Every structure is written in C-alpha cells, then in structure tokens.
J.: 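Sending over a structure as structure tokens; questions will come in a sec.
The model shown is predicted, which means the values in this text are computed figures rather than measured ones. Side chains included, hydrogens not; waters and symmetry mates left out as well; all remaining heavy atoms used. So you know, we letter chains A, B, ... as the sequences are listed, proteins then strands, and number each from 1.
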Protein chains: 2
Amino acid sequence: MQLNAFWRIIKLMKHAINQKPDYEKELRKAGVRITRPRRIILDILTSTEDHPDAMKIFHRAIEIDDSISLSTVYRTMNLLEEMGAIHRHAFNGGPSRFEQAHGEHHDHLIDVDTGDVIEFQSDKIEKLQEEIARALGYDIIHHRLELYGRKSKPSE
Amino acid sequence: MQLNAFWRIIKLMKHAINQKPDYEKELRKAGVRITRPRRIILDILTSTEDHPDAMKIFHRAIEIDDSISLSTVYRTMNLLEEMGAIHRHAFNGGPSRFEQAHGEHHDHLIDVDTGDVIEFQSDKIEKLQEEIARALGYDIIHHRLELYGRKSKPSE
DNA sequence: ATGCAAATGCAAATGATTTGCAAAAAGAAA
DNA sequence: TTTCTTTTTGCAAATCATTTGCATTTGCAT
Ligand SMILES: [Mn+2]
Ligand SMILES: [Mn+2]
Ligand SMILES: [Zn+2]
Ligand SMILES: [Zn+2]
C-alpha cells in the first residue's frame, strides 16, 4: 500500500513533466505503421488517468480529427492490446475499457454507486495468487481482481 | 486450502446422495411461478459441476423438452441471478457462464490451453481484499478473482 | 373448473464489436 | 519528391450475445 502511493506519485510526476512513454518508437520497431488515427488514439490513452471505453475514446478522438472512424478505434485497441501497450478490462460485464499498460501492475475497486474506478496494489495478494496456482500445478499467465464496493459509512 | 478440500468433499457427498438444494421451494416462497422450462433449467444447473453458458444450457434443455426457447433460457438466468440462485461469470470476455450459487464461495483458475475451470478458495485473500477495501473507505459488495494459467512443467 | 396475471415462443430489435472492400495514406526505394 | 507496394482507413453491412414486443399459453389462487 505504501508502494502504491509511491507509484501514484511517479505517475503524477511523469504526467506533470509530460514524459509519456514513447509507444511510437516501440510500435515502429515492431513494424507497425504510425498513422494519424493511431497517433491520436495513443495520445488519448497516454494522457488520461481513467479507463475509457471504445466509444469514449472515439468521441475524444473526433474532437481532434473528425474523420476518425469507430472501427479504427476498435482495430487500434486490438492492435495495441496485442502489442502489449494497453490493458483491456470488462468491468461488470459492460463494454471493454482500456488503459495504457505503462506503470505498475494494479487491480481495481469499482464504486458500484458512482462507477468510479480506484486502483490498488497488494503484493501479498499477488504472492498468494502465485502460491495457489502453483499448488494447483499452474503458472499464472495473467489474472483479474476486481472489487465492487460502496463507500463505507463512518459510523456504525 | 484445507477448508477448500473439506468443502469439495461435502459437495461430492451431496452430489453422490443426490441432495440438491430445493430451489423450487425457495422461489415459490418468493412468489416466482415454477414453470416447466424453469424446472428443467434449474435441474440442469443443480446437476452439473461445470460452468455452462446460455447456449450450452439451451442445448441441454431442448434435449429434455424441445419446445424451450433460447430467450426463456436468458430470461430465466436473469431471474435466477436476481433471486441469488446462480452466479454469473464473464471469463475472458466471452459470453456469460453460470453456476448454481449453492456451496462455498470460491474463485476460478482458467486453463488458457484447455479452457478448464478449476475452483479454489483462499481465506487469506478474502481477508486481504476486505482490508484493502476498508483502507480505501469501502465495503465490498462482491468481487471477482480469476487466474488464467497454464499447466506448469514439472521440470525446469 | 375458471380467470387472470405472469411466462413463453418467436421474430425482430439492440448494443458492442468485427469484417469486406474500395479508396487513401505510410514508408521504402528511386 | 515521385513512384511503388503494402498497410490502414472509412463506410456499410455482418456477427454475436442478449433483450424485447407481442400474441398465445400456462400456472395457480379462487
Ligand atoms: Mn493483481
Ligand atoms: Mn473470492
Ligand atoms: Zn487501472
Ligand atoms: Zn465455480
């Protein structure tokens, strides 16, 4: 939980300095063409703190270039996911939501009333997951932990 | 992990004795009509160990009564979920999959190669989740923990 | 048995995402 | 830059899982 705070600060500093991860270089190296739509979408992803879905990304994108199509957003999200540049979430069972893959691994707590997404990280839980998988004879490829909660009343 | 083994045995014993939870009575008490499709679907859910999706349930159902429709399966799953008789999962991002709510709470490990679903339970993790939520000022309403893994090579 | 609200089957509607295809753009080469 | 080849795009139509409108049937309290 202390580490969490640390990384949050790092993230904020990066944001302040505008030092975004250079996905363009990475993608180019992997033989991916950097097109105008892709650059715009990457910019949107690297400059937000939230977890937008395809439609929200689309709306932010057409604000910058109204010729971008929704299918391109979807295609780009699939591409970036395959390249490991973003993570895809399916909270509740709603539409896919995305966030850039940069930064520390974390899990999510979703406020069931407001929809707010709060990030957290627990080394202990990660360790326990590994132990459990190992005991069952498995190596974890990836995992998903989501807590759905409601603000606790201070009293009571 | 020891508790887990205990409950697994209980479950197997119940299954062996064919002592299914009496959902019919519960549902009736809640003012829900017990129709032929609902009885059949409930039977399917209470007599399987796996996590079938709507289509699979539909196919098993028409084997017993070929007049049952897929929409009724969907409607019934929604009803049973609201009544708390079943749980809904969305592994990977695929279609909803269901299991009866009876028995102990557990989480899932999905074999990414075979699709097998392995159930496990960890009091430690559950406790940690509570702690984390509390520290963030939240009460957990529900949660979802899924491990995606691959059988570990014994050597190496 | 009777009556009526609730549930069903079917087909058509939805919402999210994918896909085929002709036109446009990216990057390598000249 | 111009040219060339390959990839990507926008658009519309297709898919997939799931929901919904509606006329018809059914459960079940009287
Ligand atoms: Mn985690
Ligand atoms: Mn759990
Ligand atoms: Zn996040
Ligand atoms: Zn299960």
J.: Expressed in angstrom and rounded to an integer, what is the separation of Ile40(B) atom CD1 from dG9(C) atom C1'?
T.: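 Checked: the CD1 to C1' distance equals 14 Å.
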J.: Do Leu79(A) and Ile41(A) sit in the same hydrophobic cluster, where Ile, Leu, Val, Met, Phe, Trp and Tyr count as joined when their side-chain heavy atoms come under 4.5 Å apart?
T.: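 Yes.
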J.: Do we see a donor-acceptor contact under 3.5 Å between the side chains of Asn92(A) and Arg144(B)?
T.: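 Looking only at side-chain atoms, Arg144(B) and Asn92(A) do not form any donor-acceptor pair under 3.5 Å.
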J.: Nearest-Å distance, CD1 (Ile68(A)) to C1' (dA24(C))?
T.: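 To the nearest whole Å, that distance equals 15 Å.
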J.: Which nucleotide sits closest to the side chain of Arg33(A): dT17(C), dT18(D), dT7(D)?
T.: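 The answer is dT7(D), which lies nearest to the side chain.
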J.: Quick one: which of Asp43(B), Asp50(B), Asp65(B), Asp66(B) gives a salt bridge (charged side-chain N to carboxylate O under 4.0 Å, His left out) with Arg60(B)?
T.: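 By the salt bridge (charged side-chain N to carboxylate O under 4.0 Å, His left out) criterion, Arg60(B) pairs with just one of Asp43(B), Asp50(B), Asp65(B), Asp66(B): Asp50(B).
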J.: Rounded to whole angstroms, how far apart are NE2 on His59(A) and P on dA16(C)?
T.: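 From His59(A) NE2 to dA16(C) P: 11 Å.
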J.: To the nearest Å, how far apart are Phe91(B) CZ and dA17(D) C1'?
T.: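 These atoms are roughly 17 Å apart.
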J.: Ser71(B) side chain N/O closer than 4.0 Å to the phosphate oxygens (OP1, OP2) of dA11(C)?
T.: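 For dA11(C), neither OP1 nor OP2 has a side-chain N or O of Ser71(B) closer than 4.0 Å.
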J.: May I ask which nucleotide in the shown strands pairs with dC28(D), Watson-Crick or G-U wobble, both distances under 3.5 Å?
T.: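 Its partner is dG3(C).
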J.: Using modelled atom types only, decide if a donor and an acceptor are shared between the side chain of Arg97(A) and the backbone of His51(A) within a distance under 3.5 Å.
T.: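 Between the backbone of His51(A) and the side chain of Arg97(A) there is a qualifying donor-acceptor contact (under 3.5 Å).
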J.: Please check if any side-chain donor atom of His105(B) sits under 3.5 Å from a side-chain acceptor atom of His143(B), or the reverse.
T.: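 Note: His105(B) and His143(B) side chains meet the donor-acceptor criterion.
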J.: Please tell me which of the listed nucleotides, dT19(C), dA16(C), dG9(C), lies nearest to the side chain of Pro95(A)?
T.: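 My answer, after comparing the listed nucleotides, is dA16(C).
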J.: If you assign Arg97(B) and Pro37(B) each to the DNA chain D nucleotide with the nearest heavy atom, which residue ends up on the more 5' nucleotide?
T.: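 Per heavy-atom nearest nucleotide, the more 5' residue is Arg97(B).
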J.: Just how far, in rounded Å, is P of dA25(C) from CZ of Arg38(A)?
T.: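 Those two atoms, CZ and P, are 15 Å apart.
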J.: Once you round it to whole Å, what is the distance between P of dA16(C) and CE of Met77(A)?
T.: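 Checked: the CE to P distance equals 16 Å.
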J.: Can any side-chain N or O of Thr48(A) pair as donor or acceptor with the backbone N or O of Ile44(A) at less than 3.5 Å?
T.: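 Not confirmed, Thr48(A) side chain does not pair with Ile44(A) backbone.
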J.: Counting only Watson-Crick or G-U wobble pairs whose two distances fall under 3.5 Å, which nucleotide matches dT9(D)?
T.: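 In the structure as shown, dT9(D) has dA22(C) as its Watson-Crick or wobble partner.
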J.: Checking all strands, does Asn78(B) fall into the base, sugar-phosphate, or nothing category for heavy-atom contacts under 4.0 angstrom?
T.: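 The residue Asn78(B) makes sugar-phosphate contact but no base contact.
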J.: Cluster question for you: counting only ILVMFWY and a side-chain heavy-atom cut-off of under 4.5 Å, with indirect links fine, are Tyr148(B) and Leu145(B) together?
T.: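 No, no single cluster joins them.
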J.: Send over the distance from Ile34(B) CD1 to dA7(C) P, rounded to a whole Å.
T.: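 My rounded result for the distance is 10 Å.
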J.: The side chain of Arg28(A) is closest to which nucleotide in this list: dG27(C), dT8(D), dC11(D)?
T.: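 Of the candidates, dG27(C) comes closest.
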J.: What is the nucleic acid contact for Thr35(A), judged by heavy atoms within less than 4.0 Å: base, sugar-phosphate only, or nothing?
T.: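 Since only primed, P, OP1 and OP2 atoms lie under 4.0 Å of Thr35(A), the category is sugar-phosphate.
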J.: Of all of residues 83-90 of chain A, which get a heavy atom below 4.0 angstrom from DNA chain C, listed by number?
T.: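 Per residue number, the list is empty: none.
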J.: Who does dT2(D) pair with, Watson-Crick or G-U, both distances under 3.5 Å?
T.: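 Pair assignment: dT2(D) / dA29(C).
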J.: Reading DNA chain D from 5' onward, which residue's closest nucleotide shows up sooner: Arg36(A) or Tyr74(B)?
T.: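 Mapping each residue to its closest nucleotide by heavy atoms, the 5'-most match is Arg36(A).
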J.: Would you kindly give the CD-to-C1' distance between Glu81(B) and dT19(D), to the nearest whole Å?
T.: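 It works out to 14 Å between those atoms.
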J.: Any idea how Phe91(A) and His89(A) line up, ring-wise: parallel (<30°), tilted (30 to 60°), or perpendicular (>60°)?
T.: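 Rings of Phe91(A) and His89(A): parallel, under 30°.
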